[in-house]
Structure formats: structure tokens, C-alpha cells
Amino acid sequence: MSLIKWIEFPSLGDDRGSLVAVEMGQDRAVPFDIKRVYYIYHTEQGVSRGYHAHKQLKQVAICVAGKCRMVLDDGKTREEAWLDCPTKGLVIEDMVWREMHDFSKDCVLLVLATEHYDESDYIRDYSDFLRQASQ
Ligand code: TYD
């Protein structure tokens, strides 16, 4: 099964412009509850981010402006996708290594997360990640 899983948000735009509503909960576009929202923007050119996995945290990443390239790796396969569409959210499950590259200057990457920030949930060392992912 592919690591790249998209959620498509209906576009509620009209002749004035575009609008996307992201609703959470059962039978909604995002099927889990969100405790935290953060966004990454003004990323310096040539900078890559991420390089970690989470033990127990699901996220949905939505590029609401510009674009960036997301690499996901579950310890067995590595896949990548461009995030460049405000109506598409990329689901990132727990125990998935993520890297973000090639941020455009105007990129605003919005991330919805199922848990509050907790540094102890991060795995920041790739060999540790491979070890834990294979258990
Ligand atoms: P980090 O998750 O390492 O960023 P990225 O994966 O995008 O490179 O976070 C960068 C810093 O910001 C780190 O010191 C932790 C802090 N941070 C918070 O305090 N709260 C948060 O919700 C997030 C995502 C990061």
C-alpha cells in the first residue's frame, strides 16, 4: 500500500475566489480529532526540514500556498509527493520518517496534528527510526 495518502477537501469557491473548509471527526474529511495546528512559512531557499518520525502522532499536511516536496519513509519504502494544492491534504501516519525539500519562496505548509507538541514523541535519528520501525 502506498505511503502517499491524500484527503481531498471540497473547494467551496465561487466567482469571488476560493475557500476550503477542513472539518474533523467521524464522517468528515479528516477522520480524527486535531489537538494542534502549526504552519511553516518563510522557509529559506535551499533549506530542507523534517528528518524525523513520530512514535504516536498522525498529521495532515496541506500546502495552502506555494509548493514543497515531501518524502515519506516507513523503513521499508521511500515515496515522495509534491504538495502544491490547497484542496489536498497528505496524511502522515505514525512511525513514518518525513523530509520536506524544495520549498518555494511563498510556501505556507499547514499541518494538523492529533497530539500536542511533545519532544519525547520524536525520533530524530534515522538509524534509531529504522531499528524501531523494524520491531
Ligand atoms: P520541528 O518539528 O523539528 O520542525 P521541522 O520538522 O519542520 O523541521 O520543530 C522545530 C522547532 O519548533 C523545535 O525546536 C520544536 C519546536 N516546535 C514546537 O515547539 N511546537 C510545535 O508544535 C512544533 C511542530 C515544533
Side-chain angles (χ1 to χ4, degrees):
M1 209 174 73
S2 175
L3 283 172
I4 305 297
K5 284 182 279 182
W6 296 106
I7 296 176
E8 298 270 355
F9 303 112
S11 177
L12 308 172
D14 53 29
D15 53 7
R16 295 169 298 172
S18 304
L19 189 158
V20 168
V22 178
E23 295 205 35
M24 292 130 205
Q26 280 194 340
D27 306 325
R28 304 286 167 173
V30 178
F32 34 78
D33 288 336
I34 295 301
K35 286 194 182 154
R36 176 166 54 110
V37 175
Y38 64 91
Y39 36 94
I40 293 169
Y41 64 106
H42 288 178
T43 305
E44 296 292 336
Q45 292 298 280
V47 166
S48 293
R49 303 195 59 133
Y51 298 98
H52 65 257
H54 288 279
K55 296 173 202 162
Q56 282 196 314
L57 178 75
K58 291 187 202 311
Q59 295 185 313
V60 177
I62 308 161
C63 196
V64 295
K67 61 178 185 174
C68 66
R69 183 169 59 89
M70 180 79 78
V71 173
L72 298 183
D73 176 343
D74 65 359
K76 294 193 190 97
T77 53
R78 185 168 264 250
E79 292 178 43
E80 63 173 55
W82 281 96
L83 274 67
D84 56 5
C85 180
T87 61
K88 284 172 75 173
L90 182 68
V91 179
I92 309 174
E93 301 284 352
D94 31 46
M95 288 305 286
V96 172
W97 184 265
R98 84 285 319 269
E99 297 171 9
M100 291 154 277
H101 306 282
D102 301 329
F103 286 86
S104 63
K105 244 184 171 165
D106 58 345
C107 180
V108 181
L109 184 64
L110 180 73
V111 184
L112 317 174
T114 54
E115 302 297 337
H116 294 138
Y117 173 71
D118 174 8
E119 185 60 38
S120 71
D121 184 65
Y122 280 70
I123 306 170
R124 292 191 182 271
D125 180 86
Y126 189 64
S127 343
D128 277 353
F129 165 70
L130 289 180
R131 205 167 22 250
Q132 293 190 45
S134 69
Q135 280 170 5

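Atoms within each ligand, like the ligands themselves, are counted from 1 in listed order.
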Note to self: Heavy atoms only, cut-off 4.0 Å: how does Arg98 contact ligand 1, side chain, backbone, both, or neither?
What the structure shows: neither
Note to self: Measuring only between side-chain heavy atoms, which start at C-beta, is Met70 closer than 4.5 Å to Ile92?
What the structure shows: yes
Note to self: Nearest 0.5 angstrom please: Thr77 OG1 to Leu3 CG, how far?
What the structure shows: 4.0 Å
Next item on the list: Flag atom 2 (O) of ligand 1 as yes if some protein heavy-atom distance to it falls below 4.0 Å, otherwise no.
Entry: yes
Notebook entry, point to check: Is there a side-chain contact between Gln56 and Asp121 (heavy atoms, below 4.5 Å)?
Noted result: yes
Notebook entry, point to check: In terms of atom number and element, which parts of ligand 1 are under 4.0 angstrom from non-hydrogen atoms of Arg49?
Noted result: 4 (O), 5 (P), 7 (O), 8 (O), 10 (C)
Note to self: Could you tell me if the side chain of Val64 sits less than 4.5 Å from the side chain of Tyr39, heavy atoms only?
What the structure shows: no
Next item on the list: Might you check, step by step, whether the distance between atom 11 (C) of ligand 1 and some protein heavy atom is under 4.0 Å?
Entry: no
Note to self: Would Arg124 count as a contact residue for ligand 1, given that I'm defining contact as a non-hydrogen atom of the residue lying under 4.0 Å from a ligand atom?
What the structure shows: yes
Next item on the list: If you have a sec, work out which protein heavy atom is nearest atom 24 (C) of ligand 1 and how many Å separate them, to one decimal?
Entry: Arg36 NH1, 3.4 Å
Next item on the list: Number the atoms of ligand 1 from 1 as they appear, then name those within less than 4.0 Å of a heavy atom of Tyr38, with their elements.
Entry: 24 (C)
Notebook entry, point to check: Looking only at protein heavy atoms, which one is nearest to atom 17 (N) of ligand 1, and how far off is it?
Noted result: Tyr117 CE1, 3.7 Å
Margin query: One thing to verify: whether Arg124 and Glu119 come together as a salt bridge, which I'm taking to mean a side-chain N less than 4.0 angstrom from a carboxylate O.
Written below: yes
Item checked: Under 3.5 Å donor-acceptor, Ser104 side chain and Lys67 backbone -> yes
Next item on the list: Using a strict cut-off of 4.0 Å, indicate which atoms of ligand 1 neighbour a heavy atom of His52.
Entry: 2 (O), 6 (O)
Notebook entry, point to check: Does ligand 1 have an atom that lies less than 4.0 angstrom from a heavy atom of Tyr122?
Noted result: yes
Check: Are the charged groups of Arg69 and Asp102 less than 4.0 angstrom apart, N to O?
Finding: yes
Check: With backbone taken as N, CA, C and O and side chain as the heavy atoms from C-beta onward, which portion of Ile40 lies under 4.0 Å from ligand 1: side chain, backbone, both, or neither?
Finding: side chain
Check: Protein heavy atom under 4.0 angstrom of atom 7 (O) of ligand 1, is there one?
Finding: yes
Margin query: Is any side-chain heavy atom of Glu99 closer than 4.5 Å to one of Glu80?
Written below: no
